[in-house]
Amino acid sequence: MTIDRYNAREAEPRWQRIWDERGIFATRNDPPSPAASADKPAPAGRSIGEGRKYYVLEMFPYPSGRIHMGHVRNYTMGDVVARAKRAMGFSVLHPMGWDAFGMPAENAAMASKSHPKTWTYDNIAAMKKQLQSMGLSLDWAREIATCDPGYYKHQQKMFLDFLKAGLVERKQSKVNWDPVDQTVLANEQVIDGRGWRSGAPVEQRELTQWFFKISDYAEELLEALDTLERWPEKVRVMQKNWIGRSEGLLVRFMLDPKTTPGKESEVEIFTTRPDTLFGARFLAISPDHPLAQAAAARDSSLAAFIAECKRMGTSQAEIDTAEKLGYDTGMKAVHPFDEGWKLPVYVANFILMEYGTGAIFGCPAHDQRDLDFVNKYNLGNTPVVCPPGQDPKTFTITDIAYDGDGRMINSRFLDGMSIEQAKEEVARRLEKETRGNRPVAQRQVNYRLRDWGISRQRYWGCPIPIIHCEKCGVVPVPAEDLPVTLPEDVEFDRPGNPLDRHPTWKHVACPQCSGAARRETDTMDTFVDSSWYFARFTDPWQANAPTDRKAVDRWLPVDQYIGGIEHAILHLLYSRFFTRAMKKTGHIGLDEPFAGLFTQGMVVHETYRKADGNYVTPAEVTIESAGDARRGRLNATGEPVEIGAIEKMSKSKRNTVDPDDIIREYGADTARWFMLSDSPPDRDVIWTEEGVQGAWRFVQRLWRIVGEISQLDAPASRPAGFGAPALAVRKAAHGALAKVTEDVDKLRFNRCIAHIYELANALNDAIGNVSTPQALTPDFAFALREAADILVQLFHPMMPHLAEECWAALGHKDLVAQQAWPRLEPDLLVEDSITLPVQVNGKKRADVTVPRDAGKSEIETAVLSLDAVKRALEGKPPKKVIIVPQRIVNVVA
RNA sequence: GCCCCUGUGGCGGAAUUGGUAGACGCGCCUGACUCAAAAUCAGGUUCCGCAAGGAGUGCUGGUUCGAGUCCGGCCAGGGGCACCA
């Protein structure tokens, strides 16, 4: 018998059409009533999920124009989870949409005179087609695009709700300015001093901006990290560091009136090391500190110094290399424990106004930066913490500060205490002391996390629904006037914000006084759009509110969220904040949006270079291998190319592989299979031509195995008993079933694939053993058919089209996509006899086969009678025999 | 500088969480089919050794009957954060 090759190009669109026509991936918001499900009783295997909800979500794409291999990997993983959970009896929500606002649309508009809207929607259409060719089990009825007024209208409403709830603030502040994109960036969007998108060195500017008060939630966002048990530890640590909690003490230092010509009388500092107060040598304040500003008004050279500081601090690169500089104001601060102890007050370029109070006290002996500073200005140092084992009398600091543990020295009443005791003692004493009705010191927790600046001076974003009126000030757009839609007649012939220079759009009447007023022309950071789309998916049809409470309560949290690690801080932190803000304003009923998070690795590829140093694409190169050596040649000319480092697929290195090409050549199933095989999903996967071909070979191999089995003459009903060959097949099938079930649940797709290979190999061997028709007993044929069914169901989540084709070949009239997961027969996993490895002194010497329920003495007797064991013992009795049931035997000589 | 992760065959990786190291795949080698090649199929493939046997999970020391797995020290690679007081 011969079996034709599997034709993916023909089969895949056919099955996609059938799934689509039958609408099998559409998810209803109202769970089917018991009556409706009663006429179709759930198969036994369905019991795992029992109809409970399961929300699988992959981070939605930016519609850049074409999907890339990273999308293929991401969405394949999500689809495996969605299909497996559906089979396991869960009610699965698996939607898709578009993160459709953003700069590239404007850049394209500038470059090609297209409109951002048409550019974006054309890209969405193209990419949707690509995603559909992957055979993803998505509910396209819920598709959303964030640039749709039907979406951003609700975002504007929430902005107003947040404003009313005190979660939004307009303030002037130093901001990160991206000179290329001509817009402001949030702290999170500055990477190594450069804009996250443009890569341009970021400058500092003073602007009035809208902020979401994410810092109000700093403590909560930090604490709740511990509850996110199904998040990668790495991401939790990154968020923890980003929030950057530190406990310390605010201390008010009096200024010596004799040295202070102005009316300022004190300066408040923040410190996390109040224990080192007796090691103080100076105070330093930020150039932006009011005291510095006031002093500069009297001292022109100080003013010049401050101006110098400001001029330097424009780019991160300069900040990193800038020398630590200080300027002695001449003012003296009084030590809080000693009125006679005067400390010089410096303005220093490394003190940030944004953190703490913008002022510090310097303890050079135990802080490297302070030490560098005093060594430069000859202020000296006093060690106050003595490391264990050091003699306090001889312990000195020269140019390496000591920040370790130890006992307090040179610190009067603190001497002999531990650091912790000293911190507590200083806080206790200074809290009690008051000056002008206020305590001299108070405990404070500080966070590195800053408020989220959301104003962007761009066109292609969600307009901020605010009107500025000369008389009434900042006036929210009335809810009934929403959405504030983007004007379509805009020009991109010049840099800057087209909204701002639009002839009419911004000129409106004030909703309060009806006088002439001006619209806010800034739009929202696109990270706002992606901070709540997961909630909108639960009821995207809801026209009157961002969410329907019944729908969000039913579907949220997202049970499994899958995306790239690059969003570990930005998107994931913003979404966590937004969910809390939506809860406060009544749009949602929970704090944490994503119960389970998985961060997948990148798709990487070798790079190829011609002799002239230019990169060439994998499609242009053929790799020849001889023995261990691999060589590349250019297809067109045959000239050799150099095989370079394996790197993330990128246009600049030209090492990308187009998913369309792969799907056309091998089919989506092959691409999906390869994406999941070999590498663990959280690590990078190396895309290789050989690997894809291996996956493609396996597609054909499966088709052949299933085809051959489908042609066997198998009885329709289950035989009364199974002979040894049949039993072996059944054990292989159920063993694979048990392992795949567990591994798919833990997202260990590479292991699932290994188990499926093993089962396929076992079935292939079993078929090969049927040399004559007589050898094919009815029980064996039945077992093979049963195993083939299981095999097809196991690989269905990874290769759904091939699975449907095989399922039909096996004679089934329904769809494998709607099948219940196979029911496991646990008895088949238990062996009657087991083979235990036998070690002598920890070295494996033999195997012993004993009945499954053999007692320890029985095993010991069997082991000691083995020739290999006798030889190793050299006739002497063993000291000890360790028997680990079902595991191993170790004889200690 | 601080924090985190990872080191296993030629390569990607597996190892029931302290119990037979190298599952599965790629590559390579041998054979079958073929006039030939491709495709396909069968077998082999950690290293040393003809073999018996020995060595072996970055290095090093320890705990244990037993360590890839746990602990201490080091080395290498990767990632995150960083004038944060």
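In what follows, every chain begins at residue 1, and chains take the letters A, B, ... in the order their sequences are listed. The figures that follow rest on heavy atoms only: side chains count, while hydrogens, waters and symmetry mates do not.
- Between A/Arg683 and the phosphate of B/C5, there is no side-chain N or O to OP1/OP2 separation shorter than 4.0 Å.
- Side-chain nitrogen and oxygen atoms of A/Asn750 include at least one within less than 4.0 Å of the OP1 or OP2 phosphate oxygen of B/A14.
- The stretch residues 672-681 of chain A comes close to RNA chain B through A/Asp678, A/Ser679, A/Pro680, each having a heavy atom under 4.0 Å from the strand.
- Counting to the nearest Å, the P atom of B/G1 and the CG atom of A/Asp370 are 19 Å from each other.
- Near RNA chain B, meaning a heavy atom under 4.0 Å from it, residues 274-284 of chain A has no residue at all.
- Using a 4.0 Å heavy-atom criterion, one finds that A/Lys844 contacts the bases of the nucleic acid, with or without backbone contacts as well.
- Residues satisfying the side chain to side chain contact (heavy atoms under 4.5 Å, CB included) test with A/Ala728, not counting sequence neighbours, are none.
- Rounded to a whole Å, the CD atom of A/Glu606 is 13 Å from the C1' atom of B/G12.
- Set against B/C84, B/U20, B/C24, the side chain of A/Ile888 has B/U20 as its closest nucleotide.
- Heavy atoms of A/Gly694 sit under 4.0 angstrom from primed sugar atoms or phosphate atoms, though from no base atom.
- Of the candidate nucleotides B/U20, B/G54, B/A82, B/G54 has the atom lying nearest to any side-chain atom of A/Arg845.
- Nearest to the side chain of A/Asn349, among B/U40, B/C84, B/C83, sits B/C83.
- Between the P atoms of B/U63 and B/C11, the separation comes to 33 Å (whole Å).
- In terms of polar N and O atoms assigned as donor or acceptor, the side chain of A/Arg704 never comes within less than 3.5 Å of the base of B/C41 in a complementary pairing.
- Straight-line distance from the CD1 atom of A/Ile686 to the P atom of B/G27: 14 Å, rounded to whole Å.
- RNA chain B forms stems at B:1-7 with B:75-81, B:10-12 with B:24-26, B:27-32 with B:40-45, B:46-48 with B:53-55, B:58-62 with B:70-74, each a run of 3 or more consecutive Watson-Crick or G-U wobble pairs whose two key distances fall under 3.5 Å.
- In this view, A/Met238 and A/Lys234, A/Ala568, A/Ile569 satisfy the side chain to side chain contact (heavy atoms under 4.5 Å, CB included) rule, not counting sequence neighbours.
- The residue A/Tyr757 sits close only to the backbone: its heavy atoms come under 4.0 Å of sugar-phosphate atoms, none of a base.
- Annotation: salt bridge (Lys or Arg N to Asp or Glu O under 4.0 Å) contacts involving residues 353-374 of chain A, sequence neighbours excluded, are absent.
- Here, B/G13 and B/C3 have their P atoms 27 Å apart, quoted to the whole Å.
- Nucleotides of RNA chain B nearest to A/Trp696 and A/Asp684 differ in position, and the one nearer the 5' end is that of A/Asp684.
- Of the candidate nucleotides B/U20, B/A42, B/C84, B/A42 has the atom nearest to the side chain of A/Arg701.
- Residues A/Asn750 and A/Pro681 come closest through the heavy atom pair OD1-CD, 3.8 Å.
- Listed by chain and residue number, nothing satisfies the ring pair (Phe, Tyr, Trp, His ring centres under 6.0 Å) test with A/Tyr447 (two or more places apart in sequence, or in another chain).
- Using a 4.0 Å heavy-atom cutoff across all strands shown, A/Lys843 reaches sugar-phosphate atoms only and no base atom.
- If you measure from atom CD1 of A/Ile565 to atom P of B/U6, you get 13 Å, rounded to the nearest angstrom.
- Atoms CD1 (A/Ile883) and P (B/G18) sit 22 Å apart, rounded to a whole Å.
- Side-chain proximity of A/Asp847 to B/A85, B/A82, B/U20: nearest is B/U20.
- A side-chain hydrogen bond (donor to acceptor under 3.5 Å, both in side chains) check over residues 673-684 of chain A, counting only residues at least two apart or in different chains, returns the pairs A/Trp673-A/Tyr757.
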List, with names and distances, any nitrogen or oxygen atoms from the protein found under 3.5 Å away from nitrogen or oxygen atoms belonging to nucleotides 61-65 of chain B.
unit_1 : atom_1 : unit_2   : atom_2 : d
B/C65  : O2'    : A/Asn890 : ND2    : 3.1
B/C65  : O2     : A/Asn890 : ND2    : 2.6

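- Counting non-hydrogen atoms under 4.0 angstrom, A/Asp372 reaches nothing in the nucleic acid.
- When the P atom is compared between B/A21 and B/G58, the two are found 16 Å apart, to the nearest whole Å.
- B/G31 and B/G66 have their P atoms separated by 47 Å, given to the nearest Å.
- Distance from the side chain of A/Trp242 is smallest to B/C81 among B/A85, B/A39, B/C81.
- Across B/U45 and B/G22, the matching C1' atoms stand 12 Å from one another, rounded to whole Å.
- A syn base is found at B/U17: its glycosidic angle is within 90° of 0.
- Comparing the P positions of B/G68 and B/G9 gives an interatomic distance of 14 Å, to the nearest angstrom.
- Distances shorter than 4.0 Å separate some side-chain N or O of A/Arg697 from OP1 or OP2 on B/G27.
- Pairs passing the side-chain hydrogen bond (donor to acceptor under 3.5 Å, both in side chains) check and including a residue from residues 878-887 of chain A, sequence neighbours excluded, do not occur.
- If you measure from atom NZ of A/Lys739 to atom P of B/A14, you get 15 Å, rounded to the nearest angstrom.
- A/Ala359 meets the side chain to side chain contact (heavy atoms under 4.5 Å, CB included) test with A/Val267, A/Ile269, A/Ile285, A/His289, A/Thr357; sequence neighbours excluded.
- Set against B/C83, B/C24, B/C81, the side chain of A/Phe350 has B/C83 as its closest nucleotide.
- In this structure, A/Asp765 places its CG atom 12 Å from C1' of B/G43, rounding to the nearest Å.
- Under a 4.0 Å N-O distance rule, the pair A/Lys746/A/Glu742 qualifies as a salt bridge.
- Of the N and O atoms on the side chains of A/Thr622 and A/Asn635, at least one donor lies less than 3.5 Å from an acceptor on the other residue.
- If you check every strand for non-hydrogen atoms under 4.0 Å, A/Asn446 touches nothing.
- Atom NE2 of A/His755 is separated from atom P of B/A14 by 11 Å (rounded to the nearest Å).
- More than 90° away from 0 lies the glycosidic angle of B/G68, which makes this nucleotide anti.
- If you check every strand for non-hydrogen atoms under 4.0 Å, A/Ile351 touches a base.
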For residues 246-253 of chain A, please give each side-chain donor-acceptor pair under 3.5 Å, one per line with the distance, not counting sequence neighbours.
unit_1   : atom_1 : unit_2   : atom_2 : d
A/Ser246 : OG     : A/Tyr355 : OH     : 2.7
A/Glu247 : OE2    : A/Arg245 : NH1    : 2.7
A/Arg252 : NE     : A/Glu266 : OE1    : 3.1
A/Arg252 : NE     : A/Glu266 : OE2    : 2.9
A/Arg252 : NH1    : A/Arg435 : O      : 3.2
A/Arg252 : NH1    : A/Arg438 : O      : 3.0
A/Arg252 : NH1    : A/Pro439 : O      : 3.0
A/Arg252 : NH2    : A/Glu266 : OE1    : 3.0
A/Arg252 : NH2    : A/Arg435 : O      : 3.1

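- B/U6 and B/U16 have their P atoms separated by 15 Å, given to the nearest Å.
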